[in-house]
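What follows is a set of notes on a single structure, which appears directly below.
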Amino acid sequence: MITQAGNEGIALVTGASRGLGASISLLLAEKGYTIITVARTVGGLEELDDRIRERGGNSFLCVLDITNDSEVQAACQTIYSKFGQIDLWIHTAINPAPLNLTHQIEQKNLKRSVGVNILATSHLINCVHPLLRKTGQAVFLDDPRLSKKFMGIYGSTKRAQIELARAWCLETANLGPKVIIHTPSEMYTKTTLTFFPGIRETDISTPDDEARKLIDTIFS
């Protein structure tokens, strides 16, 4: 159990168990941050925790379904009670709905994406905003692959997520916290494989490379 913040502060990473979320958690830990890692998968978070500790870092595991409002509220209250505030929030959680023809969209897939990509993001903003206070930073990840055939669910819900972030960015421009919208290059992740199953790892960027670019953006 972590009882105090790392030298550089506290970073909250939602969707931390794999991909870019895991890579950015490791890099921030190396920079001296205590990482609050959030995901639904216990095994993924435990593995990430081991890797963070191997590098001399600290992490605080938070097994959480971000679509459960009461769980999110309870987690943020715990974070407040333990740390008082956070310095950085990076939101990498996303639901990449299966590809489908728009006129054959399955409502259960649409509802799941709306729940994760829009409703959960909105509720997280509500709950995390007070933790960031005026000096914190929040980071969202845009995706240029939105207006493509068969990607109606992902494209529409991801675009809505980013519009929430853009509005929050404008609203907090003078008062804080600072909201950053970053567009990473296409990288080899589960999300990419959902849309392009034949793509090879050597054809595109890696989560580690994109995490380094994101770090540069945050601290530039």
Side-chain angles (χ1 to χ4, degrees), residues 1-2 5-67 71-72 75-76 79 83 86-96 116-117 120-121 124 128 136-143 145 154 158 161 165 180-197 199-219:
M1 189 70 70
I2 304 303
N7 294 334
E8 296 299 325
I10 304 292
L12 171 67
V13 182
T14 40
S17 61
R18 62 173 182 260
L20 184 61
S23 293
I24 195 69
S25 296
L26 289 166
L27 289 180
L28 287 171
E30 289 179 355
K31 290 181 71 68
Y33 280 81
T34 289
I35 315 300
I36 303 169
T37 57
V38 176
R40 290 187 304 160
T41 53
V42 178
L45 288 183
E46 290 178 341
E47 180 181 346
L48 176 60
D49 180 63
D50 289 341
R51 294 171 67 192
I52 288 174
R53 292 177 186 276
E54 286 172 1
R55 302 185 186 196
N58 289 329
S59 68
F60 181 81
L61 279 64
C62 184
V63 181
L64 172 67
D65 179 356
I66 62 171
T67 65
E71 286 187 17
V72 170
C76 288
I79 292 169
F83 300 110
I86 62 174
D87 303 283
L88 177 63
W89 170 36
I90 301 180
H91 185 48
T92 69
I94 194 70
N95 182 66
V116 174
N117 302 346
T121 298
L124 280 165
V128 174
Q137 295 186 80
V139 181
F140 295 85
L141 304 172
D142 203 353
D143 191 335
R145 305 170 298 183
Y154 175 74
K158 180 63 176 178
Q161 180 191 82
I180 298 170
I181 299 172
H182 176 73
T183 305
S185 300
E186 189 172 41
M187 60 191 134
Y188 196 76
T189 63
K190 184 177 179 180
T191 298
T192 298
L193 290 174
T194 297
F195 301 139
F196 310 103
I199 201 165
R200 296 179 300 177
E201 187 171 3
T202 54
D203 292 338
I204 53 178
S205 187
T206 67
D208 287 349
D209 287 340
E210 294 308 311
R212 293 186 190 97
K213 294 177 186 177
L214 180 53
I215 285 285
D216 290 343
T217 297
I218 294 170
F219 297 105

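Of the charged side-chain nitrogens involved, at least one lies within less than 4.0 Å of a carboxylate oxygen, so that Glu210 and Lys213 count as a salt-bridged pair. Under 4.0 Å is where a charged nitrogen must lie from a carboxylate oxygen, and between Arg53 and Asp50 no such pair does.
In this structure, SG in Cys76 is found 9.0 Å from CD1 in Ile36, a value given to the nearest 0.5 Å. Of the inter-residue distances, the one linking Glu186 atom CD with Thr192 atom OG1 reads 5.0 Å to the nearest 0.5 angstrom. Between the CG atom of Asp143 and the OG1 atom of Thr191 there is a distance of 8.5 Å, given to the nearest 0.5 Å. Interatomic distance, Lys31 NZ to Leu26 CG, rounded to the nearest 0.5 Å: 14.0 Å. For the atom pair Cys62 SG and Ile79 CD1, the distance stands at 6.0 Å (nearest 0.5 Å). Here CD1 of Ile181 is found 8.0 Å from CZ of Phe140. Values are rounded to the nearest 0.5 Å.
Without hydrogens or angle criteria, Asn58 side chain to Thr34 main chain gives no donor-acceptor distance under 3.5 Å. Under a 3.5 Å cut-off, the side chain of Thr67 and the backbone N or O of Ala120 do not form any donor-acceptor pair. Using a distance-only test at 3.5 Å, with no hydrogens or angles considered, no donor-acceptor pair links the side chain of Glu71 to the main chain of Leu64.
Closest approach of Leu141 to Gln161, counting heavy atoms only: O-OE1, 4.5 Å. Closest heavy-atom contact between Ile86 and Val128: CD1-CG1, 3.8 Å. The shortest non-hydrogen separation linking Val72 to Ile66 is CG2-O, 3.6 Å. In this structure, Ile35 and Ala29 approach most closely via the heavy-atom pair CD1-N, 3.8 Å. The heavy-atom pair separating Thr121 from Asn117 by the smallest distance is OG1-O, 3.0 Å. Between Phe195 and Pro96, the shortest heavy-atom distance links the atoms CZ-CB, 3.8 Å.
Considering only heavy atoms from C-beta on, Ile180 comes within 4.5 Å of Gln137 through its side chain. Residues Thr189 and Pro207 meet the side-chain proximity criterion, which asks for heavy atoms closer than 4.5 Å. Put simply, the side chain of Val116 does not reach to within 4.5 Å of the side chain of Ile94, judged on heavy atoms.
Side-chain contact check for Ser25 and Arg51: no donor-acceptor pair (N or O, by modelled atom type) lies under 3.5 Å.
Using cut-offs of 30° and 60° for the angle between ring planes, the Phe83 and Phe60 rings count as perpendicular.
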Which atom pairs, one a donor and one an acceptor, fall under 3.5 Å between side chains of residues 10-23 and the rest of the protein, sequence neighbours left out?
from: Thr14; atom 1: OG1; to: Trp89; atom 2: NE1; distance (Å): 3.0
from: Thr14; atom 1: OG1; to: Ile90; atom 2: O; distance (Å): 3.4
from: Thr14; atom 1: OG1; to: His91; atom 2: ND1; distance (Å): 2.7
from: Ser17; atom 1: OG; to: Thr41; atom 2: OG1; distance (Å): 3.3
from: Ser23; atom 1: OG; to: Gly19; atom 2: O; distance (Å): 3.4
from: Ser23; atom 1: OG; to: Asp208; atom 2: OD1; distance (Å): 2.6

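Sparse packing is recorded around CZ of Arg200, with 12 or fewer heavy atoms of other residues, nucleotides or ligands lying under 6.0 Å away.
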